Every structure is written in C-alpha cells, then in structure tokens.
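The structure under discussion appears below in the form of structure tokens.
Quick caveat: nothing in here was measured; it's all calculated off a predicted structure. All values below come from the heavy atoms of this structure, side chains included, with hydrogens, waters and symmetry mates left out.
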Amino acid sequence: MVQQLTVVRLGQFELKISHPDKMIWPEAGITKLQYVRILTELAPYILPYTSGRFLTTIRYPEGIHGVSFYQKNCPQPKPDFVNTAMDGKIRYVVLDSVPALLWMGSLYSLEFHVSSDEIANPLPNTWMLDMDPTLEEEPRLMEATSLVGQLLGSLGLNAVPKTSGATGVQIVMPIERGPTFDELRQFGKFISEYLVAQNPRLFTVERMKKDRGDLIYLDYLQHYAGKTLPAPYSPRARPGATVSTPLSWDEVRQDVKPIDFHLLNIRERLQTRGDLLSAVTSQSLAPIITHVLGK
C-alpha cells in the first residue's frame, strides 16, 4: 500500500506530511493536514512564548482518542532546523521557529507545554497562578478568576487570565526581572492563602485532590523552575479542539467558557483582537514582595 504524502511549503521550507487525511480531532472535524496548516497561522502567537524555554509535548499518533505519550527528549532523527538544549540528561526541543513548530505538529504533537524557567536566564520574567478546578465542569470558574483579578488589582497589579484549554485558568503577569522563583512562590502562597481565607467555599490550597471536595485549587507551586504549563495558544487534546487563550477581564465578567476558544475560531479572534497577553507591560513585583513578605 502506497503511503499518502502531502508537501507543505512555506517560502523555501518544505515539509512532507504523511497521512494528511487522518482525523485528529474527530468531533471538530480537524485532520492532520488541517492542523499543520492552522499551526502556520498560529506560529507568530505561539512562538514568543515557547522560544528560549524547554518544551514538553504530548503526542497522539492516532488522534485524541488514541494512545498518547509525553515527550521531553527531542524526537530522532532530528532535522537541522530544529534547535535543542540540554537540561540534565534530557535534550529538549527549543520551539523557536515555524519549521520546528510544523515538524512537531507533523509528529502529532497536539499540546505544547513549556518550562516556567528560561534556558538563558535564571530570573523569571513572569509570575503565574494556576487555577485548577476539582470539577470537570466548574460553573464558578470565571467568578473565581474575577476574584483573583480584583485582589491583584487592589495591589496595583495588572495580570491576564488565560484558559488552560482544559478545565482551568492560569493568571499570567509579565514582571520585571529581579525576584527569584522562591520569592514568587512565596508571593503566590500569600495571594492564594488570602483568597482561601476570604472565600473558603470556593478556593483551596490542598495539594491532594481527595482533600479538595468541589473547590478550585490555587496551585501557586506550579510556577517554578523545572515545572511546565501549557503555552498561550497551545491546542489541547480535547474533543472541542480547545486552545489555551488569553482573555480580557470583560470576557471573564461575561462568564465565557474554556470551550468557547478552539482551533476553528482562534485565528479569527487573533485577527480581530490580537494577543491580549503581549499588550500588558512588565510590572515590578519587588516592592510588593518586600512589603507583603517583609523582605
């Protein structure tokens, strides 16, 4: 049987796509070839958040309903256009170019998770809080997100909520370099414990899922060197082909849902609204850390 191939061309770059008609997201009707083509349009938005960081992908060779596996080490053989970086014994892909992104897509990488730490700088340029609902469908998610935003706003801070693309939300704040990951973790602990104290029927900081009841877990520990979160605009291997999407606070107040943002409408959103995260300027957390943590 002759294997079907399609060649995708982007300028001088060519990539052979095997099994182009294979259905990857059956419910959304997205084939492998469609996925790679969508990635070409998402590349300008994804790459700023993956470049310079260690990449972990989740690959689904038979589509989202088939067997999947996490991949940290760079797949082999590796094309010359794919850059890598060592961390310990692992040689990670550095997702810093359109060809590298399309190559990963052609290997059925459906999710792109990046390290909180950058390869070249030990001091973080972002603070994040991961909001992880215990319930698969959490009707209070945007209410909870709004409360986090209000607290940060009361401290004079401007953050951007983004859907994880699955069930949760991450609060993302670009910051000026200075505080260490340990200091940012202490700040996250302060924010999270304050929210739990004020809203004990909504939030928890319990690590064990069995101890959370139906509460939303504020995971301030996940933003740390060596840990990963889905990159902005990463697809997710879920039936609706959802995408991790930055939101406006107006959208949060309108109670949007993570399933509202997916591979079939994200391009139109970006064309009309642009990248909401890139519009936020870096803020200094050092004075607040000094104040609230007594440093």
Next item on the list: Before giving the answer on ring-ring contact (aromatic ring centres under 6.0 Å, His included), spell out for H65 and Y60 the whole-Å C-alpha distance, their side-chain angles and the decisive distance to 0.1 Å.
Entry: CA-CA 8 Å; H65 298 301; Y60 289 77; 9.3 Å; no
Margin query: Please determine whether side chain to side chain contact (heavy atoms under 4.5 Å, CB included) holds for the pair N158 and W249, giving the CA-CA distance in whole Å, both sets of side-chain angles, and the decisive distance to 0.1 Å.
Written below: CA-CA 10 Å; N158 184 21; W249 289 108; 4.2 Å; yes
Checklist line | side chain to side chain contact (heavy atoms under 4.5 Å, CB included) between T57 and H113, worked out | finding: CA-CA 6 Å; T57 65; H113 298 244; over 6 Å; no
Margin query: With side chain to side chain contact (heavy atoms under 4.5 Å, CB included) as the criterion, how do I38 and R267 come out once you've worked through the C-alpha distance, each side chain's angles and the decisive distance to 0.1 Å?
Written below: CA-CA 8 Å; I38 292 171; R267 292 166 291 173; 3.7 Å; yes
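Between P246 and L276, the shortest heavy-atom contact is O-CD1, 3.8 Å. Residues L123 and E118 approach most closely at O-OE1, 4.1 Å, considering heavy atoms. In plain terms, the two heavy atoms of S18 and L5 that are nearest each other are CA-CD2, 3.6 Å. A159 approaches P161 most closely through the heavy-atom pair O-CD, 4.0 Å. The heavy-atom pair separating P179 from P124 by the smallest distance is O-CD, 3.4 Å. Between E176 and S284 the shortest heavy-atom distance is OE1-CB, 3.5 Å.
At distances below 3.5 Å, not a single donor-acceptor pair connects side-chain atoms of K16 with backbone N or O atoms of T6. Although no hydrogens or angles enter the test, the distance criterion places no donor-acceptor pair under 3.5 Å between the side chain of S154 and the main chain of L152. Judged by distance alone, the side chain of Q198 and the main-chain N or O of L195 form no donor-acceptor pair under 3.5 Å. Looking only at distances, a side-chain donor or acceptor of K32 sits under 3.5 Å from a matching main-chain atom of S106. Looking only at distances, a side-chain donor or acceptor of S51 sits under 3.5 Å from a matching main-chain atom of L47.
The shortest side-chain heavy-atom distance between S68 and E62 does not fall under the 4.5 Å cut-off. For the pair Y108 and H19, the minimum side-chain heavy-atom distance is below 4.5 Å. No side-chain heavy atom of K227 sits under 4.5 Å from any side-chain heavy atom of H223. The side-chain heavy atoms of F54 and V93, taken from C-beta on, include no pair separated by under 4.5 Å. No side-chain heavy atom of I266 sits less than 4.5 Å from a side-chain heavy atom of Y45. A heavy-atom distance below 4.5 Å is found between the side chains of I175 and L184. Contact of the S192 side chain with the V205 side chain is registered, since non-hydrogen atoms from C-beta on lie closer than 4.5 Å.
The salt bridge (Lys or Arg N to Asp or Glu O under 4.0 Å) check on E27 picks up nothing, with sequence neighbours excluded. Taking P258 as the reference, L141, T163 meet the side-chain contact (heavy atoms from CB on, under 4.5 Å) condition, with sequence neighbours excluded. With sequence neighbours excluded, the residues satisfying side-chain contact (heavy atoms from CB on, under 4.5 Å) with A100 are V82, L95, S97. Taking the side-chain contact (heavy atoms from CB on, under 4.5 Å) definition, one finds that Q12 meets it with nothing, sequence neighbours left out. Qualifying salt bridge (Lys or Arg N to Asp or Glu O under 4.0 Å) partners for R185, counting only residues two or more places apart in sequence or in other chains: none.
Rounding to the nearest 0.5 Å places OG1 of T56 at 11.0 Å from CG of L229. In this structure, CD in Q283 is found 5.5 Å from CE in M173, a value given to the nearest 0.5 Å. The CG atom of L55 lies 9.5 Å from the SG atom of C74; values are rounded to the nearest 0.5 Å.
Contact check on R238 versus E111 returns no salt bridge, with no Lys/Arg side-chain nitrogen under 4.0 Å from an Asp/Glu carboxylate oxygen. Salt bridge annotation for E41-R37: absent, with no cationic side-chain nitrogen under 4.0 angstrom from a carboxylate oxygen. Electrostatic pairing of E138 and K257 does not count as a salt bridge here, judged by no charged N lying under 4.0 Å from a carboxylate O.
Within 6.0 Å of NZ in K22 there are more than 12 heavy atoms belonging to other residues, nucleotides or ligands. Summarising the local packing, CG of L270 is surrounded by more than 12 heavy atoms from other residues, nucleotides or ligands at distances under 6.0 Å. Within a 6.0 Å radius of CD in E14, other residues, nucleotides and ligands contribute more than 12 heavy atoms.
Checked by atom type, the side-chain pair R212/T134 shows no donor-acceptor distance below 3.5 Å. Side-chain atoms of Y220 and D130 form no donor-acceptor pair, as typed in the model, at a separation below 3.5 Å. The closest side-chain donor-acceptor pair between Y224 and D117, if any, does not fall under 3.5 angstrom.
Paired with T204 under the rule side chain to side chain contact (heavy atoms under 4.5 Å, CB included), one option of L215, L218, N199 passes, and it is L215.
Classified by interplanar angle (parallel below 30°, tilted 30° to 60°, perpendicular above 60°), the ring pair F81/F13 is perpendicular.
Sorted by first then second residue, the salt bridge (charged side-chain N to carboxylate O under 4.0 Å, His left out) pairs that include residues 198-208, not counting sequence neighbours, are R207-D219.
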